[in-house]
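Comments concern the structure below.
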Amino acid sequence: MTEDQEQQGHSGGQPEGASHSELRSIKLAKLAALREGGRDPYRHVRWDRTHNCGVIAPDFEQLEGSTVVLAGRVMSKRDMGKAAFLDIQDESGRVQLYFKKDKLDEAQGEGSFDAAMQLDLGDILGVRGTVFRTRTGQASVEVQAYELLCKTLETLPEKWHGLTDTEQRFRQRYVDMIVNRESLARLTQRSRAVAEVRRFLDQRDFLEVETPVLHAVCGGATAEPFVTHWNALKADYYLRIALELHLKRLIVGGMERVYEIGRVFRNEGVSTRHNPEFTMLELYWAYVDYSDIMQLTEDLVVHLADNVFQAREVTYGDYALKLEAPFAKMTFNEALGRYAGCTLADLTTLEQVRAQGERLGLHMPREAGYEKSLDEIFKEKVEPHLIQPTFIYDYPKGLSPLAKSMPRDIAREKGYPDEVEICYRFELFLACMEVANSFSELNDPIDQRARMEAQVADKAEGIAEVDEDFLTALEYGMPPTGGLGVGIDRLVMVLSGTPSIREVLAFPQLRDKK
RNA sequence: GCGCCAUUAGCUCAGUGGAAGAGCAUCUGACUUUUAAUCAGGUGGUCGAAGGUUCGAAUCCUUCAUGGCGCACCA
């Protein structure tokens, strides 16, 4: 045997090389050696830390010379033979460790330094050491003792470019989080935002509730549901597409302020703004109307900007958003007049809507009815202008089957044409994206039944069945109530300046790979 | 569902018809304050998959898979 071959043998007798399986074999050999030496890295159950890695540099003045106990993942290694620097990171940040052969071997035993040089990037290390500053001024920890708390068998992505492959970032979010710390930060921020929504509502005496995810009858929105099967009942059930109908039942039952933050499921394609399962906040507040809810919504958005994201100005793609109250407010009708050059008075019939749509150069689908066609004009001509926070309110009734209608005399006073019924509804737009939807809730059980039955009759709406129990609940009487739905993912997107919904989801929906 | 683009070593990327490459990681050696450490020498490939064209294909063609972006559906 040559000297080289002998030395390879010492590293475990595994094939030398760098294919994925070979890299793994080398680490398995290191693991086996550790276990043989009675140092199984997986045996540890706890490691009591005195500090987080991220505080060593900023709190250096207070910490200099003191002994600290830290833990973290090895992220880089600069080995200089008889001394080495390793960076470890924990949730709080990174710190540089200094290993010095003579000192470490003296403190922890002969061979400690050489064993430390067998550490791989990605290993999780516990250390005890002294805080000091290197010659170049870098706050560091000189290690007196270390313990391998977990051995990695995989190879981390490159230290400089990191992991950029989008597919792998989403499929293996844990790797993304390790090497792209902004991903960890974004998901942390999302968690804080949701917690802050709860705190905000709890302070206002709202009750958080949980309602069923499995629905026998699907309602509360117009969307295609996912269908599942309940074996014991031998019946198909639906994953909920909205929280609305159950929350209103709780209002009927006497809760006066309720909310739920929960996952809803819509059987649709994915895009930068859509994930088939997403998180919705819905709240209902008895005895207030949509204008109160508008104020609450504005307060909530600004509160989150101040308390979680610490910024009232956000760069969102090409947009510079200013989240300053009061937000712009415009009626649906005014918005049409301003951006589409026509108002509801010009849009009282399907024929007129089609004609206006064509005048504006829009493709108006033949099968679309009045409401859908009107919505087409709004989406194409108005939404692209709603960059800064804007409340659009007073929608045509047809677009809002769960919203209370504005009485004819009031609508006439406000200048709406008699032919178009208006309802008490608003939506909040941020960066041209609908983020919140609110109504003064329809509590007329007769009207609600008529609208729901019309939806079922209109095959295009795709609603199979009326939720009879919900209608019964309304017959028992629901007080005048303001309601709100907020797409939490979208709100976090905007507030964090993240133009893709996938980035604010820990595990965005991807096709199963084989 | 439709269109465009992408897919090469563990990671980041070159390579447009003629011998599969680089950097990082990894392995070996040197180096006791480095920080993208440095220096020297190695290993590592089903070029996304399957067909086809060609003397010859990572490269051209077809189909498929996955992803991204846009459209459609939708919040």
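The shown structure was predicted, so the numbers you read here are calculated from the model rather than taken from an experiment. Just so we're on the same page: letters track the sequence lines, and every chain starts at 1. Quick note: numbers below take in every heavy atom, side chains included, and nothing from hydrogens, waters or symmetry partners.
Partner of A/Thr130 under the side chain to side chain donor-acceptor pair (under 3.5 Å) criterion, out of A/Lys103, A/Gln144, A/Glu142: A/Gln144 alone.
Judged by ring centres under 5.5 Å apart and planes tilted less than 30 degrees, A/Phe278 stacks against the six-membered base ring of B/A75.
Across all strands, A/Arg511 comes closer than 4.0 Å only to sugar-phosphate atoms, never to a base (heavy-atom distances). As judged by a 4.0 angstrom heavy-atom cut-off over every strand, A/Gly162 is placed among residues touching the sugar-phosphate backbone only. Among the protein residues, A/Gly269 comes within range of the nucleic acid bases, having at least one heavy atom under 4.0 Å from a base atom. Within 4.0 Å (heavy atoms only), A/Leu510 reaches sugar-phosphate atoms of the nucleic acid but no base atom. Within 4.0 Å (heavy atoms only), A/Asp105 reaches no atom of the nucleic acid at all.
Comparing B/C69, B/U26, B/G68 by their closest approach to the side chain of A/Thr272 singles out B/C69. In this structure, of B/G68, B/U34, B/C27, it is B/G68 that holds the atom nearest to the side chain of A/Thr166. The side chain of A/Thr136 has B/U34 as its nearest neighbour among B/U34, B/U32, B/U26.
Between A/Arg78 and B/U34 there is no side-chain N or O to OP1 or OP2 distance below 4.0 Å. Distances shown here put a side-chain N or O of A/Thr164 below 4.0 Å from the OP1 or OP2 atom of B/C13. For A/Lys159 and B/A37, the shortest distance from a side-chain N or O to OP1 or OP2 is below 4.0 Å. One finds a side-chain N or O of A/Arg171 lying less than 4.0 angstrom from the OP1 or OP2 phosphate oxygen of B/G67. Within the 4.0 Å cut-off from OP1 or OP2 of B/C69, at least one side-chain nitrogen or oxygen of A/Arg502 is found.
Between A/Asp102 and A/Lys27, the residue anchored nearer the 5' end of RNA chain B, judged by the nucleotide with its closest heavy atom, is A/Lys27. Across the interface with RNA chain B, nearest-nucleotide mapping of A/Lys103 and A/Glu167 shows A/Lys103 to be the residue nearer the 5′ end.
Atom NZ of A/Lys77 and atom C1' of B/A37 are 14 Å apart (whole Å). For A/Leu505 and B/A75, the CG to P distance is 17 Å, given to the nearest whole Å. Residue A/Phe85 contributes atom CZ, which lies 17 Å from atom P of B/C31 at whole-angstrom precision. Between the CZ atom of A/Arg273 and the P atom of B/C73 there is a distance of 13 Å, rounded to whole Å. Rounded to whole Å, the distance from CD on A/Glu380 to P on B/C71 is 9 Å. Distance CD (A/Gln138) to P (B/U35): 11 Å, rounded to an integer number of Å. Spacing between atom CG of A/Asp114 and atom P of B/C31 amounts to 12 Å, rounded to whole angstrom units. A/Asp79 places its CG atom 14 Å from the P atom of B/U35, with the value rounded to the nearest Å.
Between the base of B/U33 and the side chain of A/Arg135 there is no donor-acceptor pair shorter than 3.5 Å. Checked by distance alone, A/Gln168 brings no side-chain donor or acceptor within 3.5 Å of a matching partner on the base of B/G67. Side-chain N/O atoms of A/Gln96 and base N/O atoms of B/U34 include a donor-acceptor pair closer than 3.5 Å. Judged by distance alone, with hydrogens and angles left aside, A/Thr134 brings a side-chain donor or acceptor within reach of the base of B/U34, the pair sitting under 3.5 Å.
For B/U46, there is no paired base (Watson-Crick or G-U wobble, both distances below 3.5 Å). In this structure, B/G3 and B/C69 make a Watson-Crick or G-U wobble pair, each of the two defining distances being under 3.5 angstrom.
The gap from the P atom of B/A25 to that of B/U35 amounts to 13 Å, rounded to the nearest Å. With P as the reference atom, B/C47 and B/C60 are 16 Å apart, rounded to whole Å. Nucleotides B/A49 and B/U34 are separated by 46 Å at their P atoms, to the nearest Å. For the P atoms, the distance from B/A22 to B/U43 is 10 Å, rounded to whole Å. Comparing the same atom, P, in B/C64 and in B/U12 gives a spacing of 27 Å after rounding to whole Å. Remark: the separation of the P atoms in B/U38 and B/U33 is 16 Å, to the nearest Å. Here the separation of B/G21 from B/G15, taken at their C1' atoms, is 7 Å to the nearest Å. Distance noted for atom C1' between B/G1 and B/A36: 46 Å (whole Å).
In summary, A/Asp120 and A/Lys77 do not engage in a salt bridge, as defined by a charged side-chain N under 4.0 Å from a carboxylate O. At a threshold of 4.0 Å, the pair A/Glu91-A/Arg181 does not count as salt-bridged, since none of the basic side-chain nitrogens sits closer than that to a carboxylate oxygen. For A/Glu503 and A/Arg169, the salt-bridge test passes: some basic side-chain N is under 4.0 Å from an acidic carboxylate O. Taking a cutoff of 4.0 Å between a charged side-chain nitrogen and a carboxylate oxygen, A/Lys101 and A/Asp114 qualify as a salt bridge.
Within the model, atoms CG of A/Asp375 and CZ of A/Phe332 stand 6.5 Å from one another, a figure rounded to the nearest 0.5 Å.
Heavy-atom neighbours of A/Arg133 CZ from other residues, nucleotides or ligands within 6.0 Å: above the threshold of 12.
For the pair A/Arg425 and A/Tyr395, the cation sits on the ring face: its NZ or CZ lies under 6.0 Å from the ring centre, inside 45° of the axis.
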